[in-house]
Amino acid sequence: MDFNLSEEQETLQEMACDFIRERWPADCAREALDKRPAVIGADVWQEILEMGWLGVAAGEDVGGIGGDVLTAAVLSQEAGRGLLPGPFQSSLIAALAVDRSGNDAIRSELVPQLIDGSLRATVAIEEPGGRYGPDAIAAKVRADADGWRLTGSKLLVPDADSAALLIVGAQTPDGLGWVRVRADAQGVEIRKMERMDAQSCSEVVFENAPVEGDALLGDERSLREAYDIWTVLLAADLLGSAEASLELTRRYAIERVQFGRPIGTFQAVSHRLANHLVDVEIGRSLLYGACLALDEKRDNAAPLVSAAKAWLSDAAVAAAESALQIHGGVGFTWEYDVHLHMRRSRCNAAILGDADYHRDRVADYMDESWVPPVKA
Amino acid sequence: MDLTFSEEDEAYRAELRQWLSDNIGGGGGGGGESANAMMKRAESSDESKNDPLAGARAWPRTLHDAGYVGLAWPKAYGGQDASFTQQVICADEMARVRTPPLINTIGLSIIGPTLVQHGTEEQKKRFLPRILRADDLWCQGFSEPEAGSDLASLRCRAEIDGDEFVVNGQKVWTSLAPISDWIFMLVRTDPDAPKREGISYLLADMKTPGITVRPLRNAAGGSHFSEVFFDNVRVPREHLVGELNGGWQIARSSLDHERSGLSGVVALEETLGRLWRMASNLDRGDHKAVEEPSTRRALAQHWIEIEGLRHLGFRTLSNQIAGKPPGAGSSVGKLFASETRNQLTRTALRVEGPLAPIAKRSPHVVDRGRWHAAYFDALAHSIGGGTSEVMRNVIAEKVLELPRPAED
């Protein structure tokens, strides 16, 4: 029984935290709001690649270090805390999606390139139409005389403008699953979008675009698993952001003096912060539980992933809003970091399923497979 | 990271599980009464008759004979010297099958561990075995009318007179006082010292002349707690626990005996299961309540909260097994568990909708009115054992390290 981070994970977490604070200070995220989009600079990106961050959870046989989902989540958490933008997370999930695709040939060919950065890829799932998740995927692959062709539209695809390869969830002749499409292929139109926090994303429209290999990259199982892994990485990002908001506010509540005493001595302030601390600790617990369930492929992995995402979506936004309120006037200034976390958490809370979508997934699980204990 | 136990611990679990199924299923438990039912029966019985609580004492004795109480206590005083992991497994398995409540639970969970840690050899020998077998039932005399959340301002005083303390004052919210044999209490022994430094920890026989118990009817209609009055009550000096004027630290440490809280999770999950079934059966015109998005999301949110609590418990437990301090887990767990319980029963009454006001034994009552009782019960949990506001103070000071408001 050991439900805490390992020493290796704790070390990685500290290193990542220090690295991001030094190489991507909050001012970078602030400046990017005026000089959009927010993207990691080439030199910092190169260092991240050299540290092997994209391969922490990928298999050793394909150039990774064979860690688990939790190790990847720890990095995402630090990205959230340090406001690190793309293409970090999209590259991480792209590598993981291929690593866990079940397609051995493609995996051994692509994952090493995805980890060392020689191939930039991103993942496309969500579509216009107002519904979340794999069940809302309508993009369709037809098999015609020339091979497989993809038609459909994907929304909020992160870092698509800099990716060479798109990993796309679609309905195919072989069922729901992943397909690969080159970003520069005919019939692919990338319409740049930006998020509230200036991170880059795009709408990608496919019009009879050729599918690489004329075959599935991964089946429905692998698509759903990758969706859950990506969701849990976003939950980790939200946790990091919530912790950052809480820590900013905690420090301010200690330093700021009004009515002759630190505002942290007022229960209107301290109890609010205590509630956020509870939210953060519950969120961290759910995140660890979801990661472990994914790694052990347990039956309740999907509802635990949804639990973590629903909880942390609410918790991170609430912590950012309290941060702004408790900072008062200065919290509403451009120079303070409060709004940076507000922007990031607001975006991530609404991506890959908002809290209500994930509560619905939990309710469906309760309906179908939950067996509560019954009093003897 | 893993959630498995060693083979030895799993063997212990299997043995316990078998024992529980042999001893509970067929009504072998004996004393499955609520505290209120026990109290009622004790009140209505004629004192001269044989022990009216014999039935309620049977279950803890059965458990004791099998070696499943006092796990953390030394063998010399009837305990088991069991490992921390085994204590957790035991609490977990008992919660899983919802073993009957233990009439000596205050003794087992509060004063027993306190005596193990701070008692004299004589106190341990005299009291611990009798707590384990439910020969002595204990109640707690901490709160006073003027000392609730601000417990350290308590005024019940004890003056030394030869080999005795003479106690005068009043305690309140004393659970199970009418059926208790002994009370452990905090008394002021030095009125001139700073308030936390003039408090002592005393044990008193409830049959001592000068002690009067007056049951208080609670908001839910039961009489689970009482006022206890002390009028020149003489307590032998050997019933002092720890040092004179050292009682505050002892009382604080007894609050740390809290477990990882995992056993509470099973009870919450069972309650949520019951709520889900209620919503699944409840008609809303042409559909069932559970089909409504607002209901589904509310119940899913409770599932999420309970899983959060369970996994927080795993973290606390891991720290404790590794011999580290429990971390933020215990105060966070207490606060979040009682808030979750409040929210869950609130949701139940909301889901009942127009049927929510209907009292038990009336036509159309939902689940025989159990949600009314559960609602009141939950509200009591965010007050007793440290209010939620006090828990937030603790988190603010101990975890967030915010400055303490000026006091005294």
Side-chain angles (χ1 to χ4, degrees), chain A residues 1-6 9 68 70 246 250 253-254 261-262 264-267 269-275 277-279 281-292 295-296 300 303-304 306-308 310-311 355-356 358-367 370-376, chain B residues 1-5 9 24-25 85 88 95-99 266-267 269-270 272-274 276 290 293 296-301 303-305 307-315 317-319 321-322 328-329 332 335-336 339 389 391-397 399-406:
Chain A
M1 165 64 70
D2 181 12
F3 195 62
N4 280 314
L5 297 183
S6 68
Q9 285 163 336
D68 44 23
L70 181 60
L246 180 57
R250 187 185 80 84
I254 292 170
R261 50 184 171 136
T265 59
F266 295 107
Q267 287 177 328
V269 172
S270 66
H271 283 194
R272 193 162 171 175
L273 292 184
N275 287 341
L277 187 277
V278 170
D279 286 356
E281 291 306 328
I282 293 295
R284 190 193 321 279
S285 307
L286 286 168
L287 178 75
Y288 289 0
C291 289
L292 188 64
D295 280 317
E296 295 184 347
N300 63 350
L304 282 174
S306 284
W311 184 265
D356 277 341
H358 285 288
R359 280 190 275 267
D360 287 343
R361 277 207 343 169
V362 169
D364 291 343
Y365 162 80
M366 292 170 81
D367 237 350
W370 180 50
V371 185
V374 176
K375 198 166 180 168
Chain B
M1 180 173 281
D2 80 290
L3 293 178
T4 57
F5 291 101
D9 288 332
I24 288 191
T85 310
V88 170
R96 192 180 302 278
V97 295
R98 305 302 307 276
T99 50
V266 182
E269 199 183 10
E270 189 228 316
L272 179 59
R274 202 186 279 271
W276 183 275
V290 78
R296 292 176 75 75
R297 286 175 183 169
L299 298 191
Q301 184 69 7
W303 188 89
I304 293 167
E305 289 159 355
E307 287 307 316
L309 207 49
R310 187 199 312 278
H311 289 89
L312 178 74
F314 289 149
R315 289 173 53 211
L317 176 58
S318 305
N319 287 339
I321 288 175
V332 170
L335 173 58
F336 192 67
E339 296 301 303
E389 287 69 29
M391 291 299 131
R392 290 187 185 99
N393 285 347
V394 170
I395 292 169
E397 288 167 30
V399 186
L400 291 169
E401 296 176 350
L402 295 176
R404 219 186 134 91

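Sequence lines set the chain letters: A, B, ... in the order given, protein chains first and strands last, and positions in each chain run from 1. None of these values were measured; they are calculated from a predicted model.
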Participant: Are the side chains of A:Met1 and B:Leu317 in contact, using a 4.5 Å heavy-atom criterion?
Facilitator: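 Yes. Closest side-chain heavy atoms under 4.5 Å.
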
Participant: Quick one, B:Arg392 and A:Asn275 - any side-chain contact, counting heavy atoms below 4.5 Å?
Facilitator: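 Yes, at least one pair of side-chain atoms sits under 4.5 Å.
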
Participant: At a heavy-atom separation under 4.5 Å, does A:Leu304 approach chain B through its side chain, its backbone, both, or neither?
Facilitator: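 Answer is both: backbone and side chain atoms of A:Leu304 are under 4.5 Å from chain B.
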
Participant: Non-hydrogen atoms of chain B under 4.5 Å away: do they reach the side chain of A:Ser6, the backbone, both or neither?
Facilitator: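 A:Ser6 has no heavy atom closer than 4.5 Å to chain B.
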
Participant: Hey, is the main chain of A:Glu281 close enough, under 3.5 Å, to the side chain of B:Arg315 for a donor-acceptor pair?
Facilitator: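 Judged by distance alone, yes, a pair lies under 3.5 Å.
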
Participant: Under 4.5 Å heavy-atom distance to chain A, tell me which part of B:Glu397 shows up: side chain, backbone, both or neither.
Facilitator: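 It is neither, since no heavy atom gets under 4.5 Å.
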
Participant: Indicate yes or no: at least one non-hydrogen side-chain atom of A:Asp367 is less than 4.5 angstrom from one of B:Trp276.
Facilitator: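 Yes, close enough: below the 4.5 Å cut-off.
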
Participant: I want to check something: taking the side chain as every heavy atom from C-beta on, are B:Leu272 and A:Met366 in contact at a cut-off of under 4.5 Å?
Facilitator: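 Yes, close enough: below the 4.5 Å cut-off.
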
Participant: Would you give the length of the straight line joining atom CG of B:Leu309 to atom CD1 of A:Ile282, rounded to the nearest 0.5 angstrom?
Facilitator: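 Between B:Leu309 CG and A:Ile282 CD1, I get 5.5 Å after rounding to 0.5 Å.
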
Participant: Which one of A:Ile254, A:Asp279, A:Asn4 has the most heavy-atom pairs closer than 4.5 Å to chain B?
Facilitator: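 Of the options given, most contacts go to A:Asn4.
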
Participant: Give the member of B:Pro293, B:Ala300, B:Ala322, B:Gly273 that has the highest number of heavy-atom pairs under 4.5 Å with chain A.
Facilitator: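 If we count pairs closer than 4.5 Å to chain A, B:Ala300 comes out on top.
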
Participant: Check whether B:Leu400 gets within reach of chain A through its side chain, its backbone, both or neither, counting any heavy atom under 4.5 Å.
Facilitator: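 The answer is both parts of B:Leu400.
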
Participant: Is there side-chain contact between B:Arg296 and A:Val362, with at least one heavy-atom pair below 4.5 Å?
Facilitator: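 Heavy-atom side-chain distance check fails, nothing below 4.5 Å.
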
Participant: When you compare the side chain of B:Met1 with that of A:Asp2, does any pair of heavy atoms fall below 4.5 Å?
Facilitator: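 The answer is no, as the side chains (C-beta and beyond) never meet within the 4.5 Å cut-off.
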
Participant: Assess the residue pair A:Gln267 and B:Asn393 against the criterion (side-chain hydrogen bond (donor to acceptor under 3.5 Å, both in side chains)); give the C-alpha distance rounded to whole Å, side-chain angles, the decisive distance to 0.1 Å, and a yes or no.
Facilitator: CA-CA 8 Å; A:Gln267 287 177 328; B:Asn393 285 347; 2.9 Å; yes

Participant: Between CG of B:Leu299 and CH2 of A:Trp370, what distance do you get to the nearest 0.5 Å?
Facilitator: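 Answer for the CG-CH2 pair, B:Leu299 versus A:Trp370, is 8.0 Å.
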
Participant: Of all heavy-atom pairs between B:Gly308 and A:Leu286, which one has the smallest distance, and what is that distance?
Facilitator: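 Smallest heavy-atom distance, with atoms named: N-CD2, 3.4 Å.
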
Participant: Check for me whether the distance between the ring centres of B:His311 and A:Phe3 falls short of 6.0 Å.
Facilitator: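 Yes.
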
Participant: Select one option (side chain, backbone, both, neither) describing which atoms of A:Leu292 are under 4.5 Å from chain B's heavy atoms.
Facilitator: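 It is the side chain, since no backbone atom gets that close.
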
Participant: Let me confirm one number: the NE2-CE distance from A:His271 to B:Met391, rounded to the nearest 0.5 Å.
Facilitator: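 Rounded to the nearest 0.5 Å, the NE2-CE separation comes to 11.0 Å.
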
Participant: Taking ring-ring contact (aromatic ring centres under 6.0 Å, His included) as the definition, give me every residue that meets it alongside B:Phe336, ordered by chain and number, with sequence neighbours left out.
Facilitator: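 ring-ring contact (aromatic ring centres under 6.0 Å, His included) list for B:Phe336, sorted by chain: A:Trp311.
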
Participant: Who among A:Ala310, A:Pro303, A:Ala253 has the most heavy-atom pairs with chain B under 4.5 Å?
Facilitator: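 The candidate making the most pairs under 4.5 Å is A:Pro303.
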
Participant: Quick one: ring-ring contact (aromatic ring centres under 6.0 Å, His included) partners of A:Tyr365, sequence neighbours excluded?
Facilitator: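 A:Tyr365 satisfies ring-ring contact (aromatic ring centres under 6.0 Å, His included) with B:Trp303 once adjacent residues are dropped.
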
Participant: Under 4.5 Å from any heavy atom of chain A, what part of B:Leu335 do you find: side chain, backbone, both or neither?
Facilitator: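 For B:Leu335, side-chain heavy atoms alone lie under 4.5 Å from chain A.
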
Participant: Donor-acceptor check, side chain of A:Thr265 to backbone of B:Pro405, threshold 3.5 angstrom: yes or no?
Facilitator: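 The answer is no, because no donor-acceptor pair under 3.5 Å joins these two groups.
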
Participant: Quick check on B:Glu389 against chain A: is it the side chain, the backbone, both or neither that has a heavy atom closer than 4.5 Å?
Facilitator: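 Both backbone and side chain.
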
